[in-house]
Amino acid sequence: MASELTYRGHDEPQPKSDAYSPKPLKPWFPFLRPIRYMLRDQRLLFLFIGIAIATVFFAALSRPPRPHHNSYTYFHSANMPDRRLEYQHRVASSGGKIPLGLKPKGLRVLVTGGAGFVGSHLVDRLINRGDSVIVVDNFFTGRKENVMHHFGNPRFELIRHDVVEPILLEVDQIYHLACPASPVHYKFNPVKTIKTNVVGTLNMLGLAKRIGARFLLTSTSEVYGDPLQHPQVETYWGNVNPIGVRSCYDEGKRTAETLAMDYHRGAGVEALRKEPLTVYGDGKQTRSFQYVSDLVDGLMRLMEGEHVGPFNLGNPGEFTMLELAQVVQETIDPEARIEFRPNTEDDPHKRKPDITKAREQLGWEPKVPLRKGLPLMVSDFRQRIFGDHTAA
Ligand SMILES: O=c1ccn([C@@H]2O[C@H](COP(=O)(O)OP(=O)(O)O[C@H]3OC[C@@H](O)[C@H](O)[C@H]3O)[C@@H](O)[C@H]2O)c(=O)[nH]1
């Protein structure tokens with residue numbers, strides 16, 4: 001009865017040849033069973049997951065140690081004869097599984113603000129000596145054209161990024177230059193200027209700490225404000241108006257220096273500072289001017305040396321703004337007219353770096369005097385702006 005309820009086909013005529021005969025076994029039948037077995041209960045999925053876990057595990061086992069993890073303690077050892085050689089050794093020896101000849105040769109260097117004036121000259125030097133360079137720049141005052149000649153070089157990367165936002169990169173050294181540098185630019189949006197100096201520097205120091213990279217901050221002679229000591233040595237604390245129109249830059253850089261030294265003391269980050277005395281103004285106030293190649297040379301010596309803390313990297317030659325204008329007339333354009341305008345607020349009266357420390361400890365001093373540097377600077381700008389190759 002039950003079968004009648006469930007199967008009603010017994011009334012239909014049966015085909016004549018329906019006498020029972022077992023189906024012949026297909027030749028591929030033995031292979032079908034394991035495949036069916038695999039497909040049941042999502043066994044295949046579990047198999048793939050197993051393979052993935054094993055791959056990750058063995059890849060992690062075979063990964064070489066990172067070169068910069070021990071650079072942290074390394075930079076605190078005072079008896080390091082040649083940091084650059086040691087760096088090359090560490091980078092090279094980090095590639096245990098990489099076939100000979102494919103190992104990275106130079107350092108991996110991050111230059112924030114690398115599309116700017118000083119930064120792009122620094123990038124040229126680093127690329128020329130064989131390093132791999134990553135430039136991070138928001139192009140506020142920098143230009144792609146300054147670094148365009150490195151496009152296509154596998155050792156060069158350009159990232160449009162604002163340092164006030166965190167970024168994670170793997171490098172051995174960080175040159176932190178990103179900041180509006182001339183009074184017109186840093187006064188344009190003062191809150192953003194101080195934010196770049198404080199938050200941007202915090203982000204870069206945080207990155208340096210995380211990856212164990214060496215850190216160099218480019219500060220400014222403006223941290224001395226309107227100095228009461230002349231010339232200025234690195235230990236001079238300065239005379240700065242904390243609430244003036246220039247404070248976003250002066251005090252921003254001073255805070256950036258504080259942060260760098262606090263990270264150094266608290267977290268072991270290597271903190272360096274340089275003082276480019278390259279501010280141009282007008283009136284009778286004095287300033288010192290240095291050619292960019294001297295500055296870049298000093299920056300690299302500082303980064304490669306074992307010293308920590310502030311260094312004045314400037315040219316002690318002291319000129320009034322009027323003298324500067326006269327040198328421009330003599331060396332570049334005798335027709336140029338000198339126009340007097342009222343001075344800007346809080347403009348320091350005098351500025352001249354004492355570079356004894358840099359001379360003694362870095363073996364550095366500027367080589368290019370103002371009279372020689374100015375025409376070189378004009379050629380450089382001509383080439384950058386008009387692509388005038390003959391001028392170089
Ligand atoms: O928020 C900012 C502001 C500026 N920048 C970049 O920083 C670079 C600054 O270069 P500039 O050509 O304007 O100025 P300089 O090369 O003369 O400045 C350099 O010396 C003076 C120091 O105070 C600066 O920190 C240093 O960059 C530019 O490429 C600019 O686009 C940022 O990446 N982020």
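The chain is numbered in sequence order, starting from 1. In listed order, ligands and their atoms are each counted from 1.
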Would you compute the distance between atom [atom1] of [X] and atom [atom2] of [Y] and round it to the nearest 0.5 angstrom?
X	Y	atom1	atom2	value
Leu299	Leu313	CG	CG	6.0 Å
Ser247	Asp346	OG	CG	6.5 Å
His230	Arg351	NE2	CZ	10.0 Å
Ser219	Phe311	OG	CZ	14.0 Å

Report task. Answer yes if the ring centres of Phe117 and Phe381 are under 6.0 angstrom apart, and no otherwise. Result ->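 For Phe117 and Phe381, the ring centres are under 6.0 Å apart.
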
Distance-only N or O hit between ligand 1 and [X], under 3.5 Å:
X	answer
Gly119	no
Phe117	yes
Ala178	no
Lys192	yes
Val136	no
Val163	no
Pro180	no
Asn138	yes
Thr141	yes

Query raised in the report: Does ligand 1 have an atom that lies less than 4.0 angstrom from a heavy atom of Lys253?
Result: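 Heavy atoms of Lys253 do come under 4.0 Å of ligand 1.
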
Check [X] against ligand 1 and report side chain, backbone, both or neither, counting heavy atoms closer than 4.0 Å.
X	answer
Tyr249	side chain
His185	neither
Ser219	backbone

Find out if a path of hydrophobic residues (ILVMFWY) with successive side-chain heavy-atom gaps under 4.5 Å connects [X] to [Y].
X	Y	result
Val164	Leu110	no
Leu217	Leu202	yes
Phe289	Val184	no

Which atoms from ligand 1 have a heavy atom of [X] less than 4.0 Å away?
X	answer
Thr196	1 (O), 2 (C)
Thr218	22 (C), 24 (C), 25 (O), 26 (C)
Gly113	6 (C), 7 (O), 8 (C), 29 (O)
Phe139	31 (O)
Ala181	14 (O), 15 (P), 17 (O), 18 (O), 21 (C)
Gly142	28 (C), 29 (O), 30 (C), 31 (O)

Query raised in the report: Under the criterion salt bridge (charged side-chain N to carboxylate O under 4.0 Å, His left out), which of Lys253, Arg246, Arg254 is the partner of Glu222?
Result: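 Result: among Lys253, Arg246, Arg254, Arg246 is the only option passing the salt bridge (charged side-chain N to carboxylate O under 4.0 Å, His left out) with Glu222.
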
**Report entry** Sequence-distant partners of Asp297, side-chain contact (heavy atoms from CB on, under 4.5 Å), two or more places apart
**Finding:**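 Result, side-chain contact (heavy atoms from CB on, under 4.5 Å) vs Asp297: Arg125, Arg301, Trp364, Lys367.
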
Query raised in the report: Among Val118, Thr193, Leu177, Val223, which one has a heavy atom closest to atom 27 (O) of ligand 1?
Result: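 Among Val118, Thr193, Leu177, Val223, the closest heavy atom to atom 27 (O) of ligand 1 comes from Leu177.
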
**Report entry** Test item: side-chain donor near acceptor, Thr331 and Arg371, under 3.5 Å
**Finding:** no

Query raised in the report: Has Phe139 got more than 12 heavy atoms of other residues, nucleotides or ligands less than 6.0 Å from its CZ?
Result: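 Yes - once you tally the heavy atoms of other residues, nucleotides and ligands closer than 6.0 Å, there are more than 12.
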
